[in-house]
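Below is one structure, written out as structure tokens; the observations come after it.
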Amino acid sequence: MKLSVIGCGYVGLVSGACLAALGNEVICVDIDKRKIALLKKQKMPIYEPGLEALVRENCRKRRLSFTSDLKSAVSGSDVIFIAVGTPPRPNGEADLSFIENVARTIAEEMDSFKIIVEKSTVPVETGEWIKKTVERYAKKSAKFEVASNPEFLREGTAVKDFMNPDRIILGVESKRAEEVLREIYRPLKAPVVATDIRSAEIIKHASNSFLATKISFINAISTICDAAKADVDQVALGVGLDKRIGPGFLNAGIGFGGFCFPKDLAAFIRISEKLGYNFELLKAVEKINQEQKQVFLKKIEQAIWNVSSKTIGVLGLSFKPNTDDMRFAPSLDILQALQAQGAKIKAFDPHAMPKAKALLKDVMFCKDSYSVCRGSDCLAILTEWEDFRKMDLKKVKSLLNQPVIVDGRNIYDPKEMRALGFRYFSMGRPS
Ligand code: UDX
């Protein structure tokens, strides 16, 4: 099938490359000419495991191409996936102006039947708006349909997630659109939920909100565990083995970040408000997530007393491992709070340092984890990169000014750390 994917961000680029790998002819479009020039040279604008190889292979097989010319992409494809950004406005609502612009251009260029699919995370009723916009600006009398096909890709495992989805959601208005979309996804053999567009839109926001709720729930439990001298990892294990709850997303830490959960949660709260419902539960999820950074900062104070003029070595800056993404990373607030109290910061992240450098001032960025340890009064772990788990802890101890680690991601065993002579603090586990 001939497809185009509008927007070459995390979602669009991964979806475009994977849809090509499923055997379709895919044109990926972006208004950012620099990004398109890079992609034409098969260089990736983002770090995502497996993506570069997939792009190269599908470009070589001539199933994948890149352009900044939206008009030609529209006329050359039967199905158009919209994967442009929906950034948050100051009040938490999603800014849908990019979606509107794309819908307008599609309307102006449409010369044959098209299925227009929203892939970006959007508030319920966006499908309706796309339909109205296309109707309003259509120049020719070509027919079209709107559909919703939300993505559930996690950064760092996005290619794998696309190829092995738990489910595929198709929000459609006709059998014709359903059949076309089912055909596109047929090679994936995942359960398909075919429903109406509004329900599909809500499925996306409800899924992300539920996952965020699980994280804030376990973070709240970790605070209780700290007070009661219990172990949150054991609690999560015992709770998660109940099949009705499930073990995923029960890792206590410094809170969730990234460009999806914080923004989708805020957007869903706003949508609910507009629909007449005050979503108190999700407001509490947001609040707990904010407070979790304070919990972590308190632990640092508990470990070294005054932070002022001490050197804090920071391992990990990205909002989670296997990505260079710094958007809404908890590290940003935590480092700024430490600096505001007069701490000096040394930091290392395996992939996020170029992006972090643009966002954080007066941080000494180091070439590796051991350089961070050298001369630091406390080692703070903010992202659970695999490399940090494998560090030579004896060497770490010898390099630190004092053997103090505050682990925001629970990557080490407290007993082993004690045996090695560390003063080790983690989230919701006895130190
Ligand atoms: C998320 C959703 O998982 C995905 O389905 C959606 O489409 C996009 O948003 P992503 O933001 O890439 O994906 O990251 P995810 O792996 O879900 O983690 C989100 C945040 O939650 C990270 O900051 C992570 O550190 C945190 N997290 C996750 C926890 O603190 N504890 C957990 O148990 C799981």
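One-based numbering, in listed order, for ligands and for the atoms of each. Everything quoted here is computed from the prediction, not taken from an experiment.
Contact shell of ligand 1 (protein heavy atoms, cutoff 4.0 Å): Glu151, Phe152, Leu153, Arg154, Glu155, Lys204, Asn208, Ile215, Phe249, Leu250, Asn251, Phe256, Gly257, Cys260, Phe261, Phe319, Lys320, Arg409.
Tested against Asp226, the residues Lys298, Lys299, Arg429 include a single salt bridge (Lys or Arg N to Asp or Glu O under 4.0 Å) partner, Lys299.
Proximity of Phe144 to Ile106: side-chain heavy atoms (C-beta onward) are nowhere separated by under 4.5 Å.
Crowding of Arg418 atom CZ: a count of heavy atoms from other residues, nucleotides or ligands under 6.0 Å exceeding 12.
Thr383 places no side-chain N or O within 3.5 Å of a backbone atom of Trp385 that could act as its donor or acceptor partner.
Across all their heavy atoms, His205 and Asp264 have their closest contact at CD2-O, 3.5 Å.
Defined by atom type and a distance below 3.5 Å, a donor-acceptor pair is present between the side-chain atoms of Asp407 and Tyr424.
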